[in-house]
Novice: 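If you scroll down you'll find the structure; I have some questions about it.
Just so you know, these numbers come straight off a predicted model, no measurement behind them. Quick note on labels: first sequence line is chain A, next is B, and so on, each numbered from 1.
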Amino acid sequence: MDLHLLEKVNDTEWRIPPHGPMRVPGVLFADETLLREMDSKVYEQLCNVAGLPGIVEAAYAMPDAHWGYGFPIGGVAAFDPREGGVISAGGVGFDISCGVRTLHTGLKRAAVEKHKETLAAVLYNSIPAGVGSTGSIRLSAREMDAMLEGGARWAVEQGYGEAADLERTEEHGCMAGADTTRVSVRAKERQKREMGTLGSGNHYLEVQQVVAVYDEAAAGAYGLAVGDVVVSIHCGSRGLGHQIGTEYLKEMAVAAARHGITLADRELACAPLESDIGRAYLGAMRAGINCALANRQILTHLTRRAFGHVLPEARLDLLFDVSHNTCKEENHRVAGRDRRLFVHRKGATRAFGPGHPSLPPELRVAGQPVIIGGSMGTGSYILAGAGDGGERAFASACHGAGRSMSRHQATRQWRGGEVVKELASRGILIRSTSLRGVAEEAPGAYKDVGAVVDAAHAAGLAKKVARLEPMVCIKG
DNA sequence: ATGTTC
C-alpha cells in the first residue's frame, strides 16, 4: 500500500480522508511495515465500504487486513438502521461465525510431550477434517431447526459438552433471533452430515503450549501460565454458512439496485437493515452463527473423548469461544451518544473491554479473551479486550496472521511433505488429510503474527496476554 | 471459506 495516500495519526493508526462517495473516513490500524506490505486492494475496499449508506464513524481495517470479497478480511463497519444502514453478506464473509475456542487441559507440557505421537494419532482419527468431511451425526429436518435455533446450547442438551461451556461462549452459546425459515432447504441439506467436522483451508485443531505471558493479571484471570497445555479449535459453519452466503449475495445484488443503492463494487451487495431481505439475511445469518457454535461445541466433545483415551487426567475446561465473521447488533457510544448499531466484523474479533456486562463475572475485570490464531508454525496469541482510553473500532481486534501470499502461489513455493518434515524437526506434529492443504497453509504464506498482535496492542485494540506455540496440529 | 465451477 502507498503510504502517501494515508494521513498518519500515530505509529499504528492511519486515516483515509473522505473523498468521492465516501461518507466517513477509512482508518487502518497497523505499523508502517505491515502497511507497506498490505495489499493496495485493502485501501480500495475500505474506501468502497466507507461509501455505503448508514455507515457510522469510519470503515476500519485491522493490522491483519487483506483483500476479501467486497469487504476486506480484517474489516469492521457499523451501520445505523435508522439512517438507512445496510447489512451485507460480503461484510460477514462466506464462513458465517468462523471462530476460535480455546480449552484448558489442566496439563503441563512435559506430561503431554510424552504422549504427543499417540495424542496426534487419536485426535486425527477422532476429528473429521477436510473438504466435504462428514461426521457420525445425522440431523433430521426437525433436529436441524432445533440446532439452528439453539446453537451450542442445543449441542450441550444433546450431550455434547457441559453447561459450564455455555458461559464461556459468546452469546452464552445461543444467538437470539435465528430464523430457520430464512435458511434454504439446500443449505440445511448440505449441513445434515457436517456437524462436528473441522472443514479445510485455515481451519485446525491444535494442541498448544503457553510459551510467554505478557500480562500476569489477565493471564491469572484466564487461568494461563507458561508451560500450560491448551487446545484451540478454529472452524465455522461449514456448508450451511457458505450456502447462506452464496444465496443472499445474489439476492442482495438485486435488492441493492431496487433500493437505489449505488455500489462502487458489485461485491458490496447489501440491503437496508430495515427491509425484507435485510431482515431475512439477519435471521439466516444468526442461524448460521448457531450452527458454528454448535459445531465447535461438538468438536469440543470429540476432543475431550480423544484426550480421555490418551491422557485421562486431562480436564478440558473452556477458556472462551469467540467468532470473527459476524454482524452483531450492539450498543456503542459514538460522539457522546449511545447508539444501537449493527457491527460487521469480517476477519475481525469482538474485543469487549473490562466491565462489559455480557462477560462472565470471572472474566469481567480482565476483559474478554481475544483469540488470535496464527499459522501452523508461528504460534497464536491470547489477548484481552482493552478498556482503557475507550473502545476502538467498535470494540474489535485482529483475528489472525492474515495471508501474505495466495494459496496458488504457496503451492508453487512449498511441498506439503517438506512443510510437515520441517515442522516435525521443531517438535510440531502436523496431521492433515491434504498435503496440498499443508503447502497452502505453509507458515511462510502468512504475515508475521507477532507484528500483527504488537500493532493491535499498540493501537489499543486489545492487550497482549499470552503467546501459544503448537505441539500438534490437525488440519483438513 | 466452499460437495475447491449450478
Side-chain angles (χ1 to χ4, degrees), chain A residues 45 64-75 88-100 128-135 137-139 144 183-205 233-251 253-254 267 269 281 284-285 287-289 291-293 295-296 299 322-327 344-349 373 375-376 399-403 405-412 416 432-441 445-446 474-476:
Chain A
Q45 294 193 318
D64 53 338
H66 52 116
W67 182 14
Y69 187 94
F71 288 57
I73 297 161
S88 168
V92 171
F94 279 92
D95 190 4
I96 295 168
S97 199
C98 182
V100 192
V131 176
S133 53
T134 54
I137 298 166
R138 304 279 180 281
L139 297 188
M144 177 63 64
V183 179
S184 70
V185 171
R186 192 170 176 190
K188 294 175 185 175
E189 276 296 318
R190 281 183 70 170
Q191 194 58 30
K192 228 161 53 175
R193 289 149 52 92
E194 289 196 343
M195 295 311 294
T197 67
L198 203 51
S200 64
N202 65 358
H203 291 170
Y204 59 76
L205 183 149
I233 301 171
H234 177 206
C235 67
S237 52
R238 307 284 289 112
L240 180 124
H242 188 265
Q243 189 63 32
I244 292 171
T246 305
E247 291 169 8
Y248 278 94
L249 269 168
K250 277 186 206 148
E251 285 194 52
V254 180
E267 292 186 359
Y281 175 70
M285 181 209 61
I289 290 177
C291 177
L293 296 178
N295 194 31
R296 289 196 286 274
L299 285 165
V322 65
S323 302
H324 48 235
N325 277 3
T326 57
C327 177
H344 293 67
R345 295 188 184 88
K346 179 187 190 182
T349 311
S375 69
M376 290 184 296
H399 84 306
R403 292 200 77 87
M405 193 183 285
S406 73
R407 292 185 175 276
H408 183 70
Q409 210 178 339
T411 55
R412 281 187 308 189
S432 176
T433 57
S434 158
L435 281 179
R436 195 182 90 181
V438 172
E440 289 177 356
E441 292 295 316
Y446 278 82
I474 311 297
K475 284 197 73 70

Novice: Atom CG of Asp95(A) and atom P of dT2(B): how far apart are they, to the nearest Å?
Specialist: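 Roughly 6 Å, once rounded to whole Å.
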Novice: Calculate the interatomic distance between Ile96(A) atom CD1 and dT2(B) atom P; express it in whole Å.
Specialist: 12 Å
Novice: Nearest whole Å is fine: how far is dT4(B) C1' from His242(A) NE2?
Specialist: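 For the pair His242(A) NE2 and dT4(B) C1', the rounded distance is 9 Å.
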Novice: With the threshold set at 4.0 Å, does a side-chain nitrogen-carboxylate oxygen contact exist between Glu189(A) and Lys192(A)?
Specialist: yes
Novice: Can you name the side-chain hydrogen bond (donor to acceptor under 3.5 Å, both in side chains) partners of Ser97(A), sequence neighbours left out?
Specialist: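 Counting only residues at least two positions away or on another chain, Ser97(A) forms a side-chain hydrogen bond (donor to acceptor under 3.5 Å, both in side chains) with Ser323(A).
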Novice: Quick one: list whatever passes side-chain contact (heavy atoms from CB on, under 4.5 Å) with Ser375(A), sequence neighbours left out.
Specialist: Thr378(A), Pro443(A), Tyr446(A)
Novice: In whole angstrom, give the distance that lies between atom CZ of Arg186(A) and atom C1' of dC6(B).
Specialist: 6 Å
Novice: Between Arg407(A) and dT4(B), is there a side-chain N or O to OP1/OP2 distance below 4.0 Å?
Specialist: no
Novice: In whole angstroms, how far is the C1' atom of dT2(B) from the OH atom of Tyr248(A)?
Specialist: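 The distance from OH of Tyr248(A) to C1' of dT2(B) comes to 18 Å, rounded to the nearest Å.
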Novice: Ion pair present between Glu247(A) and Arg186(A), side-chain N to carboxylate O less than 4.0 angstrom?
Specialist: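 No salt bridge links Glu247(A) with Arg186(A).
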Novice: Using a 4.0 Å heavy-atom cut-off, does Arg403(A) contact any base of the nucleic acid, only the sugar-phosphate backbone, or nothing at all?
Specialist: nothing
Novice: So, is Thr246(A) near the phosphate of dT2(B), with a side-chain N or O under 4.0 Å from OP1 or OP2?
Specialist: no
Novice: Indicate whether the side chain of His399(A) and that of Asn325(A) have a donor and an acceptor atom separated by less than 3.5 Å.
Specialist: no
Novice: Taking atom C1' of dT2(B) as reference, at what distance in whole Å does atom CD1 of Ile73(A) sit?
Specialist: 13 Å
Novice: With heavy atoms under 4.0 Å as the rule, sort Gly236(A) into base, sugar-phosphate or nothing.
Specialist: nothing
Novice: To the side chain of Arg436(A), which of dC6(B), dT2(B), dT4(B) is closest?
Specialist: dT4(B)
Novice: In whole Å, I'd like the distance from the NE2 atom of His408(A) to the P atom of dT5(B).
Specialist: 13 Å
Novice: What integer distance in Å separates Tyr69(A):OH from dT2(B):C1'?
Specialist: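 That distance rounds to 14 Å.
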Novice: Want to settle it: does Lys250(A) or Gly130(A) sit nearer the 5' end of DNA chain B, counting the closest nucleotide to each?
Specialist: Gly130(A)
